[in-house]
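For reference, the structure discussed in these notes is given below.
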Protein chains: 4
Amino acid sequence: MVKRGREFLHTPGPTNIPDRILNAMHRPAMDFASPVFAEMAAKLFEDLKDVFQTSSEVFLYTSSGHGGWEGTFVNCFSPGDTVLLPEIGRFGRVWGDMAERLGLKVRRVPGSWRPPIAPAVIEDVLSKDKAHEIKGVLAVHVETATGAISDMPAIRRAMDAANHPALLICDAIASFACVPLPMRDWGIDVVIAASQKGLMLPPGLGICAVSEKALAASFESRSQMEYFSWPQRLKTESYSRFCGTAPEHLVFGLVESLAMLREEGWPQVFKRHTRLATAVRKTVEAWGQAGALEHNIVVPEARADSLTVVRTPEGMNADIIRATARETFSVAMGGSLGDLAGRVFRIGHMGDLNEPMVIGALGGIEAALRVCQVPIGQGGVGAAIDYLAETAES
Amino acid sequence: MVKRGREFLHTPGPTNIPDRILNAMHRPAMDFASPVFAEMAAKLFEDLKDVFQTSSEVFLYTSSGHGGWEGTFVNCFSPGDTVLLPEIGRFGRVWGDMAERLGLKVRRVPGSWRPPIAPAVIEDVLSKDKAHEIKGVLAVHVETATGAISDMPAIRRAMDAANHPALLICDAIASFACVPLPMRDWGIDVVIAASQKGLMLPPGLGICAVSEKALAASFESRSQMEYFSWPQRLKTESYSRFCGTAPEHLVFGLVESLAMLREEGWPQVFKRHTRLATAVRKTVEAWGQAGALEHNIVVPEARADSLTVVRTPEGMNADIIRATARETFSVAMGGSLGDLAGRVFRIGHMGDLNEPMVIGALGGIEAALRVCQVPIGQGGVGAAIDYLAETAES
Amino acid sequence: MVKRGREFLHTPGPTNIPDRILNAMHRPAMDFASPVFAEMAAKLFEDLKDVFQTSSEVFLYTSSGHGGWEGTFVNCFSPGDTVLLPEIGRFGRVWGDMAERLGLKVRRVPGSWRPPIAPAVIEDVLSKDKAHEIKGVLAVHVETATGAISDMPAIRRAMDAANHPALLICDAIASFACVPLPMRDWGIDVVIAASQKGLMLPPGLGICAVSEKALAASFESRSQMEYFSWPQRLKTESYSRFCGTAPEHLVFGLVESLAMLREEGWPQVFKRHTRLATAVRKTVEAWGQAGALEHNIVVPEARADSLTVVRTPEGMNADIIRATARETFSVAMGGSLGDLAGRVFRIGHMGDLNEPMVIGALGGIEAALRVCQVPIGQGGVGAAIDYLAETAES
Amino acid sequence: MVKRGREFLHTPGPTNIPDRILNAMHRPAMDFASPVFAEMAAKLFEDLKDVFQTSSEVFLYTSSGHGGWEGTFVNCFSPGDTVLLPEIGRFGRVWGDMAERLGLKVRRVPGSWRPPIAPAVIEDVLSKDKAHEIKGVLAVHVETATGAISDMPAIRRAMDAANHPALLICDAIASFACVPLPMRDWGIDVVIAASQKGLMLPPGLGICAVSEKALAASFESRSQMEYFSWPQRLKTESYSRFCGTAPEHLVFGLVESLAMLREEGWPQVFKRHTRLATAVRKTVEAWGQAGALEHNIVVPEARADSLTVVRTPEGMNADIIRATARETFSVAMGGSLGDLAGRVFRIGHMGDLNEPMVIGALGGIEAALRVCQVPIGQGGVGAAIDYLAETAES
């Protein structure tokens with residue numbers, strides 16, 4: 001059956017791309033060595049320092065977010081170095097796998113896939129690492145597989161309490177531009193982001209915002225690197241910054257994205273995400289009153305504003321709900337991953353969203369739940385509507 | 001406050017324009033006298049005959065829908081001619097005003113603005129018109145101001161019962177491509193449509209599909225006309241069909257629109273409209289259980305599948321609800337018009353729509369109703385969701 | 001054979017649409033009764049007064065340019081009125097035909113299709129019209145069929161010399177936004193324009209800019225009119241200005257067009273047109289040195305900056321050259337019309353053009369001339385290049 | 001001064017992006033784990049095997065072309081391995097620099113920057129490498145800095161004559177989809193391409209098409225790799241093929257690009273490039289008759305069909321000509337690089353081009369040469385026009 005209307009895109013990335021951004025990208029390519037492009041790029045890199053709140057550098061990779069991961073590893077560390085990985089979900093797990101393939105030793109702190117990172121455990125491990133073998137702490141800010149957001153300032157405090165010099169690496173792919181992340185104030189050494197989430201762009205840019213300390217590490221790294229090398233990208237030829245031809249259209253789009261976020265105002269961007277996320281959570285809780293569905297993340301404060309992960313009872317395959325929502329009601333959600341296979345569906349709510357978009361998505365999911373005969377409480381979507389009405393600002 | 005996300009467009013026109021159509025229009029202009037354009041236009045005019053189900057002609061005006069009105073008057077009638085107008089709402093009223101300004105005599109059958117056209121009244125008037133002074137019957141298929149759909153076959157039967165030769169003119173601006181309208185089978189002489197409703201295009205095209213009888217009338221008309229003249233448009237110069245430079249981009253868009261409708265299949269297009277309209281009506285009825293809101297159209301069968309008009313109690317200004325929905329919840333509805341000023345809000349549901357789009361719009365309106373403290377029954381949007389779940393086809 | 005690259009569009013309308021304008025039009029429709037659209041439209045109408053240099057009104061028709069013609073006739077005149085038409089080409093001729101079909105009497109001053117309008121003849125005719133039967137003088141500013149530009153101030157002076165009160169109507173469809181046309185200073189009562197020429201938009205808007213005198217006439221007109229009626233369009237309902245649903249996307253595009261022209265600066269816009277037109281003329285003259293081709297317009301000052309019309313010798317069908325340029329070299333020109341059938345090809349150079357666009361078009365035409373074995377002088381395109389180099393400003 | 005019209009983009013990449021491709025990319029993102037995207041991607045990877053003419057695999061990196069370079073090094077070789085690099089221009093040189101930074105030993109065969117690769121030298125070096133220390137031969141097909149195209153079959157024959165097992169690596173970034181490159185028939189092990197040249201896409205995709213032998217090598221590599229790893233990308237999770245979120249919009253664009261190339265037909269694509277390139281060369285030769293300008297590539301057969309590099313006399317800074325063409329005549333060319341600094345300008349003619357586009361660009365450059373007072377022969381652009389007329393096919 002031919003579908004009509006727009007699919008509601010509620011995967012936890014990619015997200016909705018505003019028309020303004022698509023239009024900014026709908027233009028001819030240009031001479032990337034011309035003064036016009038050079039000035040645009042130079043201004044963009046300056047702006048990005050403000051946006052990421054670092055006085056050091058921001059690097060833009062033509063890559064997926066995984067490129068940001070790899071770039072961080074090869075620049076900050078050398079083969080044989082050890083990194084500490086509190087593993088609270090699948091993205092952390094495969095991030096560690098990548099580190100190993102790149103020659104790092106990964107000390108994993110295992111965890112169940114429901115809570116956020118426990119700062120106390122980090123403090124404990126680091127305190128015992130008297131030799132400072134651990135060169136970096138890998139923290140996923142929002143674990144997209146589980147829906148948990150970890151407390152980055154608390155992690156920083158744990159590292160400080162252990163008086164440990166490791167770099168603090170933050171995977172903010174699913175949090176950046178959705179929730180506050182002042183990297184300098186919070187003592188983060190590398191923030192890894194990507195274009196296709198809070199920045200509302202097509203996939204295609206991996207981003208590393210780095211502290212002075214991380215940048216200095218890159219000049220000491222013994223990794224064999226070129227494409228992802230920060231020192232190479234600081235050279236001054238027209239192609240250095242992007243290691244080859246610039247991804248011009250994503251640059252045009254990113255310039256527009258930052259203009260839009262600036263116009264809305266960062267505090268309002270964050271407030272909007274929290275408000276819409278709360279509406280989603282209200283509906284999930286209403287559904288849950290029938291006893292079948294529940295938040296994957298138990299502790300309310302650890303529920304991310306970027307996505308909401310809903311747990312189904314054993315024997316009720318969440319992926320069927322997801323397929324029904326997509327095929328029958330035009331709502332695309334994220335599927336279950338790794339240890340959570342079949343046990344959760346994930347509702348993304350990052351980026352360019354407003355009230356009726358969220359309500360429509362929840363309504364489509366609710367209809368799918370009914371079709372799949374999942375017991376749900378009354379007034380599911382109504383709970384979101386009521387909350388949005390109560391918290392409306394004109 | 002800067003808004004984010006897409007506004008939900010639920011005015012009764014213009015409607016949502018699919019990306020495919022916008023992309024088909026995002027291209028350079030071309031030589032409209034070239035063989036490529038000539039062939040594209042020739043094929044389009046042939047296709048339109050099938051789409052409108054006439055063996056005669058379809059005319060495309062570069063104009064608003066009002067151009068289709070005027071074109072019909074000047075071609076089908078001559079100054080001094082009389083037309084019969086059953087006035088069931090504001091669009092009929094101003095259509096009659098136009099007729100008068102163009103020199104026609106309008107015999108108005110007044111009515112309240114809630115029921116559809118009464119075929120019996122038409123039969124009665126025509127039966128008494130032994131001299132056949134009445135040259136045309138003006139019937140608005142879906143009266144956008146009130147939400148009523150009139151029974152065109154019954155009107156035809158009434159005319160036949162009166163054995164009257166008047167032309168049957170159907171304003172289908174708000175019904176075409178939403179509900180069936182087989183003009184030949186139903187004995188309609190002119191169907192007037194416009195681009196910005198069921199055809200999912202930007203505004204800019206007025207359309208007249210005509211019967212052989214109506215076309216013959218145009219060659220007899222004593223109206224002083226050129227731009228809207230059907231006989232002129234049947235001449236064979238490259239610019240005749242459009243009386244000047246063709247509105248190329250709307251032609252590109254219309255070609256794509258027809259392709260999309262053909263892919264979906266006309267029966268499915270109509271079925272989709274009925275199903276989504278029913279969902280809207282279910283929610284309106286749920287809201288109405290608190291006693292404040294009700295359908296403007298009392299008889300269920302006369303509620304159009306194109307839009308739903310909701311009536312507020314005296315003293316509760318419907319336009320405030322509309323403004324709140326638009327400004328606070330990004331849902332644009334149609335306002336109250338003429339005799340219904342302040343008493344109704346109008347929810348359009350024509351064109352490129354799916355389930356979550358409709359649910360999202362209803363949710364935004366429900367939130368606006370709460371903000372405006374309009375008493376509404378429980379489970380408003382939920383009623384739509386439940387209905388959509390029950391009637392889902394995978 | 002599949003073509004690659006962009007066709008060079010050098011018809012005398014439609015013209016090249018800049019990406020900025022296409023992007024401004026690539027967006028959802030909106031509630032045309034919303035404050036956002038109302039303010040956009042109100043500002044646009046104010047801006048248009050400046051752009052057209054009238055203190056009275058500018059009307060935007062959803063129509064072709066022919067709609068602007070018809071609108072002028074029905075508003076400024078009444079059936080039975082006489083208008084004076086100096087006929088210097090096919091557009092004037094069919095303009096007169098339209099006037100007749102709308103009930104006007106047309107006093108035609110015949111002319112060959114090479115010179116511009118002769119002001120002396122107008123003065124002569126008007127001087128003899130002691131009864132002031134002539135209500136309007138119809139002057140085509142740039143006659144697109146022949147390539148002539150007429151001297152509007154001289155025509156005004158001729159009317160003044162005859163002390164005649166007729167309205168001066170100027171068809172500026174092929175001149176507006178290409179050459180100066182200060183209507184108030186030049187004493188013009190109606191300027192008729194269209195979207196698809198100097199304004200760089202898709203076809204779809206007819207424009208009438210009117211003087212106080214012309215506007216006053218519209219309130220006196222006995223024409224039976226509605227769609228094109230100026231008085232109706234000055235009413236204050238949300239749909240009055242456009243007689244129905246506004247052609248929103250053309251409005252979005254026109255706002256962007258005016259912004260672009262303002263950025264470039266009107267004097268620079270006119271200067272650019274003159275410079276590029278001169279380059280075209282240089283090449284035509286170089287081609288002409290072989291004796292076969294010549295300017296259709298003999299007097300250099302009467303050659304329009306909007307298009308250049310090139311005359312072929314008898315026996316050499318210009319339309320074959322045009323077809324060859326289009327089919328074989330991807331350059332679209334205008335064809336021969338009316339009395340000039342087969343005897344001219346027309347090179348448009350209005351709107352969004354720069355040096356290499358013009359050179360490329362001339363080169364494609366030169367190649368077509370060679371393929372068609374038309375004798376041409378050496379250095380054809382080179383003459384344009386040399387001129388553009390000599391007159392370059394950095 | 002505000003510029004109008006389109007800049008003529010004749011850098012040797014990025015190239016002109018057809019509207020069809022931009023439109024294919026102007027759409028919402030989608031769930032990359034959905035069946036729709038999975039099927040689209042699977043079909044694309046199959047199609048790419050045909051396009052590249054390999055029975056093994058084609059890998060798409062979200063990266064610049066440099067990513068294709070790096071991906072080839074880390075997969076085909078291990079740190080400490082030796083590669084042979086005939087250095088005929090700057091792109092070869094920096095390719096070698098990258099190899100060294102990735103831990104390879106590079107045996108460079110120095111050369112002047114005017115001739116193509118000399119197969120005899122390769123045969124000589126390989127013949128002496130009895131121990132088969134050389135693991136790969138790095139051959140730039142079209143050296144974008146100099147304009148030379150090397151004879152890949154001859155290089156293959158040289159390797160075979162030396163009976164040497166090294167992999168043959170071909171940088172086809174500036175040749176792919178412009179000239180034939182049947183990798184299997186020509187015995188090439190890796191073809192490296194990028195999106196922004198002959199494929200007419202925005203920058204953002206690096207491509208490696210590999211032979212069975214090269215693929216097998218990747219499973220033996222001791223490189224520490226993940227992002228660029230071919231074995232990792234052959235895993236079957238939804239994100240494996242792109243190592244993370246797929247660059248969806250470039251995928252949409254590439255699907256459209258391949259459709260367009262298929263419609264035109266590969267033989268016609270290559271023929272068109274040769275014909276337009278020949279036209280450019282004719283003009284360069286006409287200019288050269290005044291003794292100042294000449295082809296950088298001396299041997300006619302080694303002049304690439306992708307770009308033409310023009311050499312200026314000592315003391316005449318080519319970059320000033322380039323800046324003048326861009327700033328004053330809206331034609332963007334490539335600048336001089338490395339050892340050729342200030343001595344050449346580079347005219348790209350890859351991708352979506354037709355006759356008037358090329359003529360316009362040459363005309364703008366000729367005007368710039370005049371402004372810069374470079375002595376040029378008569379009839380420069382005319383030579384291209386004449387050639388295109390002589391070789392026209394209708």
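Only this structure's heavy atoms are used, side chains among them; waters, hydrogens and symmetry mates stay out. So that the names make sense, note that chain A is the first sequence line, chain B the second, and so on, each numbered from 1.
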Would you be so kind as to tabulate the donor-acceptor pairs closer than 3.5 Å made by side chains of residues 242-250 of chain C, with sequence neighbours excluded?
| unit_1 | atom_1 | unit_2 | atom_2 | d |
| --- | --- | --- | --- | --- |
| C/Thr245 | OG1 | B/Gln196 | NE2 | 3.1 |
| C/Glu248 | OE1 | C/Met30 | N | 2.7 |
| C/His249 | NE2 | C/Arg27 | O | 2.8 |

Without placing hydrogens or testing angles, list every side-chain donor-acceptor pair under 3.5 Å for residues 75-82 of chain B, not counting sequence neighbours.
| unit_1 | atom_1 | unit_2 | atom_2 | d |
| --- | --- | --- | --- | --- |
| B/Asn75 | OD1 | B/Trp230 | N | 2.8 |
| B/Asn75 | ND2 | B/Gly71 | O | 2.8 |
| B/Asn75 | ND2 | B/Phe228 | O | 2.7 |
| B/Ser78 | OG | B/Arg222 | N | 2.8 |
| B/Asp81 | OD2 | B/Ser78 | N | 2.9 |

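Atom NE2 of residue B/His26 and atom CE of residue C/Met25 lie 9.5 Å apart, to the nearest 0.5 angstrom. To the nearest 0.5 Å, atom OH of residue C/Tyr227 and atom CG of residue B/Leu102 are 13.0 Å apart.
Heavy atoms of C/Thr15 lying under 4.5 Å from chain B belong exclusively to its backbone. Of the atoms belonging to C/Ala33, heavy atoms from both backbone and side chain fall under 4.5 Å from chain B. In this structure, the portions of C/Met98 lying under 4.5 Å from any heavy atom of chain B include both its backbone and its side chain.
Annotation: maximal heavy-atom pairing with chain C below 4.5 Å, among B/Pro202, B/Gly204, B/Ala332, B/Gly335, occurs at B/Pro202. Contact tally against chain C (heavy-atom pairs below 4.5 Å) for B/Ala194, B/Ser229, B/Pro35: the top residue is B/Pro35. For the options B/Arg6, B/Arg326, B/Glu237, heavy-atom pairs under 4.5 Å to chain C are most numerous at B/Arg326. Taking chain C as the reference chain and counting heavy-atom pairs below 4.5 Å, the highest number among B/Leu22, B/Leu205, B/Thr11 is found for B/Leu22.
In this structure, the side chains of B/Pro28 and C/Glu7 stay at 4.5 Å or more apart for every pair of heavy atoms. Counting heavy atoms from C-beta outward, B/Val94 and C/Tyr239 have side chains that approach closer than 4.5 Å.
Inspection of the C/His10 and B/Asp31 side chains reveals no N or O donor paired with an N or O acceptor under 3.5 Å.
Judged by distance alone, with hydrogens and angles left aside, the side-chain atoms of C/Gln224 form no donor-acceptor pair with the main-chain N or O of B/Arg101 at under 3.5 Å.
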